[in-house]
Amino acid sequence: MTIMDRLAHKGIVTRHRVGRAYRYQPNLSADEARVSAIEKIVTGFFDGSAEALAAHLAVAGGTARPGVPRTRAARSARHEPRLTVNEPSPVIGSP
């Protein structure tokens, strides 16, 4: 609720009282929010240069930093095996 309250004060969401509760509605579409977030990244990390961001992404090539877990989508894209709860652990040296 604290986060929602802060978002309302920043104007990101609008809230309306419904009985004893609040109903929240976004003030931006998902696409507008995405554009705003990218603009903040470009301004904050790349000195306002979208070309610098593009160059960074091209050089990085989707490689993960050591010690930073990749997302499920990144694992799937690279076809890494994943254990599930019902699968036994692989035994090294077994036939």
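Without hydrogens or angle criteria, S36 side chain to E32 main chain gives no donor-acceptor distance under 3.5 Å.
Under the 4.5 Å side-chain contact rule for hydrophobic residues, L7 and L28 do not share a cluster.
Rounding to the nearest 0.5 angstrom, the gap separating the CG atom in N27 from the CD1 atom in I12 is 9.0 Å. Taking CZ of F46 as the reference point, atom CD of E51 lies at 12.0 Å (rounded to 0.5 Å). Between L53 atom CG and D47 atom CG the span is 13.0 Å, to the nearest 0.5 Å.
By the salt bridge (charged side-chain N to carboxylate O under 4.0 Å, His left out) test, D31 is found to be paired with R34, residues two or more places apart in sequence or in another chain being considered.
For residues 6-17, the pairs satisfying salt bridge (charged side-chain N to carboxylate O under 4.0 Å, His left out) are D5-R15, with sequence neighbours left out.
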- Item | Derivation of the side-chain contact (heavy atoms from CB on, under 4.5 Å) call for Y24 and T14 | CA-CA 6 Å; Y24 293 87; T14 303; over 6 Å; no
- Report the C-alpha distance between E39 and V42 in whole Å, list the side-chain angles of each, state the deciding distance to 0.1 Å, and finish with yes or no for side-chain contact (heavy atoms from CB on, under 4.5 Å). CA-CA 5 Å; E39 286 173 350; V42 168; 5.7 Å; no
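Counting all heavy atoms, side chain and backbone alike, S49 lies closest to A52 at OG-N, 3.0 Å. Across every non-hydrogen atom of R23 and V18, the tightest pair is CB-CG2, 3.8 Å.
Ring centers of H16 and Y22: at least 6.0 Å apart, outside the cut-off.
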